[in-house]
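Accompanying notes for the structure given below.
Numbered from 1 within each chain, the chains take letters A, B, ... in sequence-line order. The figures here come from the full heavy-atom set of this structure, side chains too, leaving out hydrogens, waters and symmetry mates.
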There are 2 protein chains.
Amino acid sequence: MKQPTICPKFEKAISLLSQRWNALVIYQLLDGPQRFSEIQSSIGISGKVLSDRLKDLEHQEVIARKVIPETPVVIEYSLTEKGLSLKPVLKEIEDWSQFWFNSENGADA
Amino acid sequence: MKQPTICPKFEKAISLLSQRWNALVIYQLLDGPQRFSEIQSSIGISGKVLSDRLKDLEHQEVIARKVIPETPVVIEYSLTEKGLSLKPVLKEIEDWSQFWFNSENGADA
DNA sequence: TTCAAAAGGTTACTATATGTAACTTAGTGT
DNA sequence: ACACTAAGTTACATATAGTAACCTTTTGAA
């Protein structure tokens with residue numbers, strides 16, 4: 001029943017970016033490398049789902065995971081080149097959101 | 001437990017675009033006005049979910065719904081100005097996908 | 001030496017979202 | 001009256017996300 005006519009590469013990108021939380025995680029990492037708990041509290045995601053997403057994004061080579069043997073051990077997540085190159089995408093979304101949404105309280109233009 | 005530090009306008013935009021199918025529906029409508037069944041078969045979405053999405057996108061003034069009293073009645077969906085202005089976003093995603101995904105078969109770079 | 005704390009998760013369980021297929025409504029043509 | 005088409009809707013099944021409690025390792029205090 002499915003006969004999509006859409007470019008498979010584009011679909012892959014959309015599926016990556018439409019996966020809930022992925023865009024926010026990437027956006028957050030644009031500020032620089034961050035730790036699990038920093039990402040978690042900054043975007044308000046549950047540990048379980050964040051753990052899933054980070055694994056998935058790492059598999060897709062969008063982010064990199066680095067173990068720092070401090071005490072207690074610290075895990076640092078950062079964007080790869082592939083991840084960093086999503087910046088223009090997020091920038092466009094940001095521009096669009098600033099233009100089309102007005103109030104801070106939930107109402108829109 | 002949630003203390004997001006992210007701009008609420010940006011979050012709204014992300015939530016709109018991350019809602020499954022929304023980006024593909026909008027992308028599809030960039031080609032011009034289309035009918036329910038055309039959208040459905042071109043992106044391979046179920047009628048139930050497409051119906052939900054179209055209502056939601058209409059509420060958000062991203063798409064417009066027009067009843068054409070032919071026989072049988074035809075409903076035409078099109079992008080509003082707000083929806084059309086998402087074109088640069090989708091273009092950036094398209095560019096990114098073309099650069100970072102190589103094969104047509106599911107493997108990537 | 002035993003306790004508590006902190007980072008980064010995982011697990012079991014619940015709630016929400018999505019998918020499937022059959023059904024509905026209204027107008028036409030046969 | 002009957003079948004056909006477009007655009008949905010409904011009931012039910014499965015998949016994805018959320019919550020809170022628990023696990024592991026290392027350190028430092030009691």
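In terms of phosphate contacts, B/S37 brings a side-chain nitrogen or oxygen within less than 4.0 Å of OP1 or OP2 of D/dA7. For A/Y77, no side-chain nitrogen or oxygen approaches OP1 or OP2 of C/dA7 to under 4.0 Å. Contact between the side-chain N/O atoms of A/W21 and the OP1/OP2 oxygens of D/dG18 is found at a separation under 4.0 Å.
Counting to the nearest Å, the C1' atom of C/dG8 and the NZ atom of A/K66 are 17 Å from each other. One can place CG of A/N22 at 13 Å from C1' of D/dA17, the figure rounded to the nearest angstrom. Put simply, CG on A/D56 is 13 Å from C1' on D/dT16, counting in whole angstrom units. Nucleotide D/dT5 holds its C1' atom 14 Å from the CD atom of B/E38, rounded to whole Å. Taking atom CD of residue A/Q19 and atom P of nucleotide D/dT16, one finds them 8 Å apart after rounding to whole Å. Atom CG of B/L50 and atom P of D/dG8 are 8 Å apart (whole Å). The separation between A/F36 atom CZ and D/dC23 atom C1' is 14 Å, rounded to whole Å. In this structure, B/I45 atom CD1 and C/dT18 atom P are separated by 9 Å, rounded to whole Å.
Remark: the backbone N or O of B/E94 is paired with a side-chain donor or acceptor of B/S97 at under 3.5 angstrom.
Considering CD of B/Q28 and CD1 of B/I26, their distance stands at 12.0 Å, rounded to 0.5 Å. Distance check: A/L30 CG to A/S78 OG gives 11.5 Å after rounding to the nearest 0.5 Å.
Comparing B/L54 and A/K48 by the nucleotide of DNA chain D whose heavy atom lies nearest to each, the residue mapping closer to the 5' end is B/L54. Ranked by how close their nearest DNA chain D nucleotide is to the 5' end, A/D52 and B/R35 are led by B/R35. With the nearest nucleotide of DNA chain C identified for both A/I75 and A/R20, A/I75 has the one nearer the 5' end.
Comparing C/dG19, D/dT9, D/dA17 by their closest approach to the side chain of B/S51 singles out D/dT9. Side-chain proximity of B/R53 to D/dT19, C/dA17, D/dA17: nearest is C/dA17.
When each of B/L86, B/L16, B/L17 is tested with A/I93 by the rule side chain to side chain contact (heavy atoms under 4.5 Å, CB included), just one qualifies, namely B/L17. When each of B/R35, B/R65, B/K66 is tested with B/I75 by the rule side chain to side chain contact (heavy atoms under 4.5 Å, CB included), just one qualifies, namely B/R65.
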Scan nucleotides 22-27 of chain C against the protein and return all N/O pairs shorter than 3.5 Å with their distances rounded to 0.1 Å.
none

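For B/D52, the salt bridge (charged side-chain N to carboxylate O under 4.0 Å, His left out) criterion is met by no residue, not counting sequence neighbours.
A centroid separation of 6.0 Å or more is found between the aromatic rings of B/F10 and A/F101.
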